[in-house]
Structure formats: C-alpha cells, structure tokens
Amino acid sequence: MAATIVTARSISGYSMNMRRKAKTQRCYSKTYRSRSLLFLLSFYAILSVCLSLKSKHFSGKTPYSWVNLVDVEDEVKEDEWYNMENLQGMACNAVHASAVIRHGARFPGLEDVNHLIDIHHRLVNAMEPDVNPGLYEWKNKFPSNNDKALHHLGEEEQEGLGYRIGKRLHTLFVDEDISDFRFIVSSMQRTKESASAFYEGFTRAMHTEDDIDDEFDSEVNDELMRFFALCAKYVYSVDQNKTAYKEYHDFLEGPDIKKVTTKIYEKLGIKEDVLKPVDIRLLFLACGYETAAFKSSPWCSVLDDDDVEVLDYLGDIRHSIKNGYTHNITWLQSCPLLSEIFFGFDETIMEIENTEDDEEVGGFTVGQFAFGHAETIGPLHAILGLFNDSTPIRADNRIHQNNRLFRASKISPFSANVVFVLYECVPEEFKDDEEVETADYYLQMFINEKPHLIPGCKEMHCPYTQVRERYSHYIDRCDFKNLCKKSPLKDEL
Ligand SMILES: *[C@@H]1O[C@H](CO)[C@@H](O)[C@H](O)[C@H]1NC(C)=O
Ligand SMILES: *[C@@H]1O[C@H](CO)[C@@H](O)[C@H](O)[C@H]1NC(C)=O
Ligand SMILES: *[C@@H]1O[C@H](CO)[C@@H](O)[C@H](O)[C@H]1NC(C)=O
C-alpha cells in the first residue's frame with residue numbers, strides 16, 4: 001500500500017501557508033475517517049495526496065512543522081514576548097534575547113544516499129515489479145553534490161522562524177543597529193544557509209528589507225556550535241566508541257526491528273532475507289527525507305504507523321547516547337555555549353545598570369542567534385536539565401516509554417530552537433519618567449517557540465539571579481580544554 005505525507009508547508013510561498021495548512025488538516029481528519037476505504041482503494045492511494053502514515057515521527061530527522069504546531073504568520077502577535085505586564089506590581093520589557101537554533105531540514109548525506117541505492121538494487125532483484133511499482137521504479141532524486149545541504153523546506157523553516165521571533169520581540173529589535181545583533185554559525189554550510197534564511201524572515205518582520213540586508217554577517221565559531229567535534233574525550237569515549245552504543249545496537253538487532261523486517265517482506269512478497277537491520281533504519285529515513293524534500297516517497301509505502309514508532313524509538317536511543325544524558329561528557333562539553341548565553345545576559349544587565357539616568361541605554365547586544373546542529377542543541381537541553389526522564393530509554397523498555405519527555409522528533413527536529421528572553425522589570429508606578437532606583441531581571445525560556453519552565457523555577461518567568469545561580473557551576477567553571485582532555489593520566493605519561 002502506498003503512502004504519502006502532506007506537509008503543512010509547501011513550495012509556492014509563505015503567503016499561502018494559512019490556507020494550505022487548513023487544507024492539510026482537513027485532509028488529515030478525512031484520512032482518519034476513511035481509512036478502511038483507503039485500504040480498499042490502496043491501488044489508487046499512490047496518486048492520493050492524503051496521508052495514510054499518521055505518525056510523522058522521524059526522530060531527529062523530523063521537519064519542524066510535522067510535529068510542532070507552527071503559528072500562521074497572520075496570527076503571530078506583535079510583541080507577544082516583549083512585555084510582561086503586572087508581574088507582582090512590576091512592568092517588564094525584554095532587553096535581550098538569546099537563541100540557539102538547529103539548522104533547517106536538509107538533504108541526506110551522500111553515504112546514506114549510496115546505501116539507499118544499494119538497498120533498492122537488492123529489493124528490485126528480490127521482488128516482482130507489479131507488487132509495488134512505485135518502489136520498484138524508484139529513482140534517486142537526491143542531488144549527488146548536495147551532501148547534507150539545506151533544502152527548500154529547511155530554508156522555509158528558518159525564514160518563518162526568523163519572522164516569528166522578530167515579530168514577537170518587535171519593539172526590542174526594530175530600531176536597533178545591525179551591530180547590536182550577533183549571528184553565530186558553525187563551519188558547516190547548512191548553518192550559514194540557515195542563518196541567512198532566518199535573517200531574511202527577521203528583516204521582513206522589521207519591515208526594513210531595503211537598507212540592512214546586505215550588511216548581514218555571521219561569525220563562525222566551532223567551539224560554541226561544534227564543540228562535539230573538538231572535544232577529544234567525547235569523540236573517543238562516546239561518538240567513536242562502539243560499546244557506548246550498546247543499547248542502540250541491542251534494539252537494532254532485537255525483536256521489534258525483526259518484526260518490521262518480516263512485515264516488509266510480506267508486503268513486498270519477498271522470500272529471501274535481503275534486508276539487514278541497518279537497511280530498515282535507512283529505508284525509514286528515506287521515507288522521511290524524501291517526503292520532506294519532494295512531498296512523497298515510495299519508501300513510506302512499506303511502513304505502517306507501528307513501524308514508524310519502532311524506528312522513531314531506535315532514533316531516540318541513538319540521540320540519547322550521542323546527544324543526551326547517557327554520558328556526562330556529552331552535555332558537559334556544551335558549557336562554552338551555556339556560558340556565552342549567560343555572559344550575554346550579564347553584559348546586558350551591566351550595561352543597563354551602569355548607564356546614568358539621563359543617558360540613553362544602548363550599545364549592547366539585543367539579539368544573539370546561534371545556529372548549530374542536533375549535537376549542539378541536545379547537549380544544551382541536557383546541561384539545562386530538560387527532558388530528563390526518570391527512567392532512561394533503553395533497548396528493553398520501549399513499551400514503558402510512550403510518554404517519554406525525550407522524544408527527538410518533538411524536542412530536536414530540524415530547526416529546533418531554544419530561546420531565552422531577559423526582561424528588565426520596574427515597579428508599575430515608576431513606569432514613565434520618574435527615577436527608578438532598582439530594576440529586577442527576569443528570564444523566560446521558549447522551547448520550539450512555546451514557553452517552557454526553566455528547571456528549578458516555579459513560574460515561567462523566573463528571577464534571573466536564581467537561574468544564574470543554578471547553572472553557575474557550568475557557567476563560571478567551564479574549562480573546556482581540561483574537560484575534553486583525552487585521558488589526563490595517559491597525557492601525563
Ligand atoms: C566506551 O564505552 C563504554 C561503555 O560506556 C565504556 O565503558 C568505555 O570506557 C568506553 N571506552 C572508552 C575508550 O572510553
Ligand atoms: C553525571 O552527572 C550527574 C548530574 O550532575 C551526577 O549526578 C553523576 O554523578 C555524574 N556521573 C558521573 C559518572 O560522573
Ligand atoms: C537527570 O535525571 C537523573 C534522574 O532523575 C538525575 O540523577 C540526573 O542528575 C539528571 N541529570 C542532569 C544533568 O540534570
């Protein structure tokens with residue numbers, strides 16, 4: 001049976017989003033109601049644009065809008081994040097925002113593409129053409145020179161994100177010089193492409209497309225955005241250490257994946273054993289990658305929702321080892337990034353406090369936007385203490401993990417983001433022209449654009465000093481070189 005996923009976003013421009021989204025949702029609900037009909041009409045389903053794979057969880061390879069409900073642009077409220085009125089008799093305005101953003105949806109790497117071509121070759125030799133013509137006649141459409149480059153959907157994700165963040169903090173950003181913003185990227189092209197697309201949306205929200213566009217510049221900083229490639233201890237003890245991935249391999253070789261494989265053989269009428277567990281994973285990824293880039297994929301036709309949940313879980317085990325809590329070095333190594341974020345807050349507060357009453361406050365960074373990878377944002381989540389399930393996900397406990405916090409498709413999809421907004425709060429009655437003796441500073445955090453409780457806080461808005469204190473150990477004692485030493489003992493010998 002063939003399956004096609006309709007994505008909420010589409011090729012022909014942003015203004016179409018609203019209508020298209022409404023249409024997509026109608027399409028979904030219709031699909032649910034007429035599922036049995038779809039079964040009967042499975043032969044025609046190949047032409048259908050409606051969905052028969054309900055589950056859109058592709059672990060860390062999920063496009064942003066498949067899992068996060070993205071606000072329609074017309075409905076994004078200007079300054080939604082700018083003011084916090086009536087906070088215990090205080091009025092608060094945003095004075096600084098700091099964002100860490102994963103790059104947008106991208107093409108698969110060349111290794112995966114070649115692997116997929118090989119899998120297809122084996123399948124074609126083992127199956128009859130008319131069992132699944134779509135899959136039988138599949139041709140690779142991924143460009144051979146676009147190794148992990150951002151594609152159209154990824155650019156759209158970033159453009160939209162830039163617009164929405166710009167609009168929600170409009171008053172904070174609108175009259176600022178380009179020099180009051182900081183754009184940080186990694187040495188990988190896809191983070192630069194993400195930053196540019198983000199900036200386009202951002203300037204569109206500022207209504208100042210004409211003059212500042214060309215001046216956009218970003219700084220490459222791999223210690224902040226690709227610490228995972230520079231931290232020797234992480235590389236040798238986790239990333240390149242096969243034993244560290246034991247749970248992942250156990251699940252990959254286990255009964256759940258075996259069952260998926262058997263079902264695929266049945267669907268394709270295959271008698272011999274031609275697919276290895278790693279092939280199943282890739283075929284699943286192909287379904288996600290192709291649907292993101294080209295709207296549909298014949299690879300999805302061999303999977304059902306249960307299979308997708310199984311393979312999504314496999315991806316999450318991998319994500320938890322590679323980018324999560326499993327090994328302390330994985331998240332400890334993100335301390336330079338965490339420090340940079342908090343030093344940005346410290347500096348802002350210092351500038352404001354040191355400005356004489358009759359001076360105009362200014363000259364500090366109002367917006368810091370840092371573009372990285374799943375391996376950047378995962379460790380950042382963990383050092384912050386987010387999505388830390390009381391029982392870690394393992395090969396043998398999938399059934400108990402249905403409500404896990406650590407669901408990569410939800411928390412670390414393409415274009416995943418963590419945004420902190422720092423507020424200056426003054427007593428209401430002093431709001432206008434009177435002198436203010438003291439200001440309080442509050443912090444709010446947004447995960448994928450939704451307010452999220454900062455660990456250790458009682459409310460969404462949390463006193464800055466309290467948050468600063470909680471993480472002070474990582475911020476003020478971040479010794480990346482020492483932390484990442486391969487082996488202190490061996491080095492000394
Ligand atoms: C590899 O991972 C295993 C399991 O986590 C660990 O015991 C071992 O020390 C690691 N190897 C290295 C070289 O760090
Ligand atoms: C890892 O970090 C956690 C949280 O800080 C701590 O409780 C634990 O003892 C650490 N584990 C190791 C092996 O250092
Ligand atoms: C994650 O949760 C575990 C168990 O609740 C806890 O022991 C650990 O310290 C937490 N890790 C971090 C980094 O907060």
Side-chain angles (χ1 to χ4, degrees), residues 60 100 227-254 313-342 372 374-398 400-408 410-412 416 418 420 443 445 447 452-458 462 466-493:
V100 177
F227 45 77
F228 52 90
L230 304 176
C231 184
K233 183 170 175 184
Y234 169 74
V235 172
Y236 90 101
S237 72
V238 182
D239 199 33
Q240 307 290 324
N241 174 3
K242 190 135 192 246
T243 330
Y245 285 84
K246 181 178 180 306
E247 294 292 327
Y248 172 75
H249 290 291
D250 284 355
F251 191 78
L252 188 65
E253 306 290 336
Y313 190 73
L314 175 72
D316 284 6
I317 297 182
R318 190 180 154 90
H319 185 61
S320 77
I321 296 165
K322 198 172 159 49
N323 309 317
Y325 284 98
T326 314
H327 305 277
N328 282 5
I329 185 62
T330 306
W331 49 269
L332 281 170
Q333 63 172 339
S334 72
C335 68
L337 178 59
L338 188 76
S339 306
E340 196 72 9
I341 294 169
F342 277 84
E375 296 92 333
T376 320
I377 207 140
L380 180 65
H381 286 155
I383 201 169
L384 289 168
L386 299 168
F387 314 118
N388 184 8
D389 292 295
S390 49
T391 312
I393 57 175
R394 295 189 311 261
D396 64 359
N397 68 354
R398 181 174 77 86
H400 307 292
Q401 295 286 6
N402 257 339
N403 297 316
R404 63 189 179 276
L405 302 170
F406 197 87
R407 196 179 271 276
K410 199 83 185 131
I411 63 177
S412 308
V418 177
F420 284 104
L443 208 55
M445 180 175 69
I447 302 280
H452 194 106
L453 197 66
I454 302 171
C457 295
K458 291 198 184 70
C462 195
Q466 186 186 329
V467 184
R468 181 71 172 72
E469 179 58 30
R470 182 183 176 93
Y471 299 114
S472 63
H473 182 78
Y474 303 130
I475 299 167
D476 299 318
R477 267 173 267 164
C478 174
D479 185 351
F480 188 74
K481 261 205 180 117
N482 237 327
L483 185 70
C484 292
K485 256 193 201 147
K486 218 171 159 176
S487 165
L489 281 176
K490 269 189 208 148
D491 284 355
E492 279 164 23
L493 290 174

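Read the numbers this way: they start at 1 and go in the same order the structure lists the ligands and their atoms. Predicted, not measured: the structure shown is a model, and the values here were computed from it.
- Taking the six-membered ring where tryptophan is involved, the planes of F387 and H452 are perpendicular, since the angle between them exceeds 60° and thus also 30°.
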Extract all N/O-N/O pairs under 3.5 Å that connect ligand 2 to the protein, and present each with both atom names and the distance rounded to 0.1 Å.
residue	atom	partner	partner atom	Å
ligand 2	2 (O)	N328	OD1	3.3
ligand 2	2 (O)	N328	ND2	2.4
ligand 2	11 (N)	N328	ND2	2.8
ligand 2	14 (O)	N328	ND2	3.3

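- For R398, the side-chain hydrogen bond (donor to acceptor under 3.5 Å, both in side chains) partners are D256, not counting sequence neighbours.
- Salt bridge D476/R468: present, at least one basic N to carboxylate O contact under 4.0 Å.
- Close contacts of ligand 1 with Y236, meaning ligand atoms under 4.0 Å from a residue heavy atom, involve 13 (C), 14 (O).
- Using a cut-off of 4.0 Å between Lys/Arg side-chain N and Asp/Glu carboxylate O, R407 and D316 are scored as not salt-bridged.
- Counted by atom type alone, T391 and D389 present zero donor-acceptor pairs between their side chains at under 3.5 Å.
- For the pair H319 and A408, the tightest heavy-atom approach, listed with the atom from each and the gap, is CD2-CB, 3.7 Å.
- The distance from ligand 1 to the heavy atoms of A244 drops below 4.0 Å at these ligand atoms: 2 (O).
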Step by step, work out the ring-ring contact (aromatic ring centres under 6.0 Å, His included) result for F227 and F480.
CA-CA 9 Å; F227 45 77; F480 188 74; 7.2 Å; no
